[in-house]
Amino acid sequence: MGQITLEKVTKKFGDVEVIPPLDLTIEDGEFTVFVGPSGCGKSTLLRLIAGLEDVTSGKMMIDGQDATDVAPAKRGLAMVFQSYALYPHMTVRKNIAFPLRMARIDQAEQKRRIDQAAAALNLTDYLDRRPGQLSGGQRQRVAIGRAIVREPSAFLFDEPLSNLDAALRVGMRLEISEMHKRLATTMVYVTHDQVEAMTMADKIVVLRAGYIEQVGSPLELYHTPRNLFVAGFIGSPKMNIFSGPEAQKHSAETVGIRPEHIDVSRTEGTWTGRVGVAEHLGSDTFIHVHDTGLTDMMTVRISGDIEVSHGDIIHLNPRQDQFHRFDAQGLRIA
Amino acid sequence: MATQHSRSAARLMMAPAVILLLGWMLVPLTMTLFFSFKKYLPLRGGDLGWVGFDNYIRFVTSSAFWPSVLATLIIVGGVLLITVCFGVLLAILLDQPMWGQGIVRILVIAPFFVMPTVTALVWKNMFMDPVNGLLAHLWKAFGLTPVEWLSQASLVSIVIIVSWQWLPFATLILLTAIQSLDSEQMEAAEMDGAPPLARFGFITLPHLSRAITIVVLIQTIFLLSIFAEIFVTTQGSFGTRTLTYLIYQRVLESQNVGLGSAGGIYAVILANIIALFLMRIVGKNLD
Ligand SMILES: Nc1ncnc2c1ncn2[C@@H]1O[C@H](COP(=O)(O)OP(=O)(O)O)[C@@H](O)[C@H]1O
Ligand SMILES: [Mg+2]
């Protein structure tokens with residue numbers, strides 16, 4: 001079990017309100033990702049759930065029980081910190097055993113759980129090393145191992161992959177996703193990286209300055225962003241957003257079109273522009289187009305390879321059914 | 001960077017410091033060695049020639065030798081114990097956010113700026129005086145007979161005075177160490193279900209082990225040679241005659257430079273034994 005409910009939760013540091021009244025339900029077994037720009041209060045929200053910060057007002061329930069004033073250790077949640085927060089003077093085995101030791105679980109059971117976690121995380125050969133002798137990815141695994149052995153009702157991750165290099169990040173992302181499928185335990189995951197959010201989440205919570213901008217599945221957010229902020233934040237490369245006469249044609253204040261929903265033509269098209277930089281990834285080509293008269297720069301994503309180079313004049317054909325329309329307040333027009 | 005050229009340049013530039021340090025150390029040491037083999041009584045005939053190991057034998061066979069070694073060890077050990085224990089507690093206390101933190105920290109560090117002689121005088125006359133001292137008044141307030149600190153509990157008194165003086169040093173070093181403790185580690189331990197005492201034992205203390213080692217090493221070096229505190233308070237009586245003080249008495253009170261020099265060499269040997277011993281037990285924390 002691991003259902004977490006926040007009711008009108010607020011958090012102030014001194015006079016600064018970091019989390020305005022916030023309602024949120026995280027269902028049992030769900031992989032929920034908090035995503036938003038740096039400083040928007042994601043970590044604070046996670047720490048409120050963990051109990052490392054006290055809520056200023058409001059109520060927190062875990063599995064229907066009021067947990068607002070329950071000590072962190074008693075909430076049955078395990079947290080993986082951004083800095084891993086391993087105990088540097090203990091071996092990997094002792095690190096992983098620490099929560100079990102604190103819970104006074106008997107030796108045989110401790111050993112069973114540690115061996116199981118170590119096997120699952122490829123740490124068996126490193127159990128007698130210290131964290132200082134491990135690579136970043138291995139440390140990350142130890143931190144996860146320490147969380148797993150507690151068999152918590154929910155896992156909390158605070159940007160766990162942000163200290164890893166790109167290749168390792170992709171690998172760990174998969175491992176955490178697989179772990180979630182295997183354990184089917186609630187996971188709350190904080191990141192500022194929308195790719196992580198899109199690939200891992202069952203449910204994404206988009207935050208801005210402590211406010212929830214939208215809650216939904218990755219594809220809901222992708223297809224029907226509720227406002228301009230979500231539209232600009234979710235999706236990579238970013239959605240092209242512009243206003244003016246061209247937007248008026250769609251009877252909206254502002255319209256957006258994703259780079260992958262624009263086709264390129266040499267001969268004719270709705271819009272015309274000059275190629276700035278073309279990024280050839282092999283599988284895709286990202287073309288940055290200038291002088292379209294709509295925005296400074298439009299991004300177009302073409303599947304496969306296409307022969308364009310700097311300075312070429314090309315024509316763009318947006319797919320008419322893929323426009324996102326927003327009103328003067330930046331809210332989506334259905 | 002370690003080219004032939006830069007290495008010789010480095011040697012050249014280090015030379016003045018090395019030569020100065022060597023001279024500083026070697027000249028007194030050689031002179032002490034030189035005098036320790038002589039019968040040299042400045043007021044009673046001056047240099048009376050070579051005597052071999054006579055001074056060394058006389059120094060250790062004197063009834064004052066072993067008690068002085070013991071007094072030295074008790075004072076060093078007692079002060080280390082008190083400063084490290086209270087230093088850790090004070091450092092943890094000072095690390096807590098509180099009102100007036102800056103001023104409190106300066107006040108805690110203040111005793112370290114007071115000269116040893118002054119410290120000893122303040123303690124002797126203001127606190128430990130059996131008639132007018134604050135402690136005497138305190139004892140009387142509870143209807144007890146005031147303790148004559150410097151004669152009845154002389155070693156304890158010296159340990160208290162010196163601890164008071166060195167506590168700020170220990171606190172300061174341990175405080176900076178505590179401040180470098182990653183707060184996420186503490187939070188992780190909290191989430192792992194460790195109560196405050198366990199967090200102290202499993203996280204804070206191991207984190208401090210390196211700083212404690214440094215405090216112990218540095219303090220030992222200075223504590224082996226404390227002098228002013230004894231000179232001002234008990235003058236070496238009531239069992240407070242340390243090795244340093246014994247040497248002082250041999251050289252200046254008995255005017256026997258040869259005997260005192262032999263004692264000095266013993267002190268050097270003792271300091272090295274203790275240093276080796278310390279390096280063995282705590283030095284592994286320093287790698
Ligand atoms: N302990 C604190 N004291 C004061 N302000 C804080 C504290 N922790 C976080 N904040 C502020 O709260 C805001 C949100 O921080 P945080 O939750 O860490 O953001 P995020 O994790 O989304 O980058 C930031 O503006 C930060 O400065
Ligand atoms: Mg954060």
Side-chain angles (χ1 to χ4, degrees), chain A residues 13-14 43 46-54 70-91 94-105 130-132 139 142-160 163, chain B residues 84-85 87-89 91-92 95-102 173-217 278-287:
Chain A
F13 287 115
S43 297
L46 197 71
R47 292 165 57 84
L48 287 173
I49 294 174
L52 294 172
E53 303 278 359
D54 294 323
V70 175
K74 300 271 187 303
R75 295 189 183 197
L77 310 175
M79 184 148 166
V80 176
F81 292 84
Q82 182 170 1
S83 68
Y84 315 139
L86 300 179
Y87 311 128
H89 50 274
M90 297 186 201
T91 59
K94 291 226 172 94
N95 262 283
I96 297 178
F98 190 71
L100 305 177
R101 197 165 157 194
M102 288 298 120
R104 298 185 199 291
I105 287 171
R130 292 193 183 206
R139 284 181 212 182
V142 177
I144 293 174
R146 193 172 63 184
I148 288 183
V149 290
R150 290 180 55 193
E151 301 179 349
S153 58
F155 290 93
L156 311 176
F157 294 93
D158 191 356
E159 309 214 9
N163 290 338
Chain B
V84 168
C85 291
V88 170
L89 293 181
I92 289 174
D95 190 41
Q96 309 299 318
M98 58 177 165
W99 190 82
Q101 197 170 42
I173 298 224
L174 294 169
L175 178 62
T176 54
I178 281 193
Q179 284 169 338
S180 73
L181 177 56
D182 175 16
S183 65
E184 285 197 344
Q185 258 179 51
M186 281 306 241
E187 287 172 351
E190 194 178 344
M191 293 213 62
D192 281 345
L197 219 59
R199 290 206 290 275
F200 174 75
F202 285 108
I203 314 293
T204 313
L205 217 50
H207 176 77
L208 287 181
S209 62
R210 186 181 286 236
I212 291 176
T213 310
I214 290 171
V215 167
V216 167
L217 283 177
L278 278 176
M279 289 287 188
R280 272 284 163 78
I281 44 176
V282 285
K284 64 176 192 291
N285 287 331
L286 275 180
D287 53 21

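Atom set for the values below is all heavy atoms of this structure, side chains included, hydrogens, waters and symmetry mates excluded. In what follows, chains carry the letters A, B, and so on, assigned in the order in which the sequence lines appear, proteins first and then strands, with residues in each chain numbered from 1.
Note that the CD atom of B:E187 and the CE atom of A:M79 stand 7.0 Å from one another [nearest 0.5 Å].
The heavy-atom pair separating B:A198 from A:M102 by the smallest distance is CB-SD, 3.9 Å.
Heavy atoms of A:A103 lying under 4.5 Å from chain B are absent altogether. Both the backbone and the side chain of B:A188 come within contact range of chain A, judged by heavy atoms closer than 4.5 Å.
Top candidate by heavy-atom pairs under 4.5 Å with chain B, chosen from A:S83, A:P72, A:A147, is A:S83.
Considering only residues two or more places apart in sequence or on other chains, A:R139 meets the side chain to side chain contact (heavy atoms under 4.5 Å, CB included) condition with A:Y84, A:L86, A:L134.
Side chains of B:D192 and A:Y87 form a contact here, defined as non-hydrogen atoms less than 4.5 Å apart.
Taking the six-membered ring for Trp and the full ring otherwise, the centers of A:F98 and B:F202 sit less than 6.0 Å from each other.
Each of A:R146, A:R75, A:R150 was evaluated against B:M191; a single residue qualifies, A:R150, per the side chain to side chain contact (heavy atoms under 4.5 Å, CB included) test.
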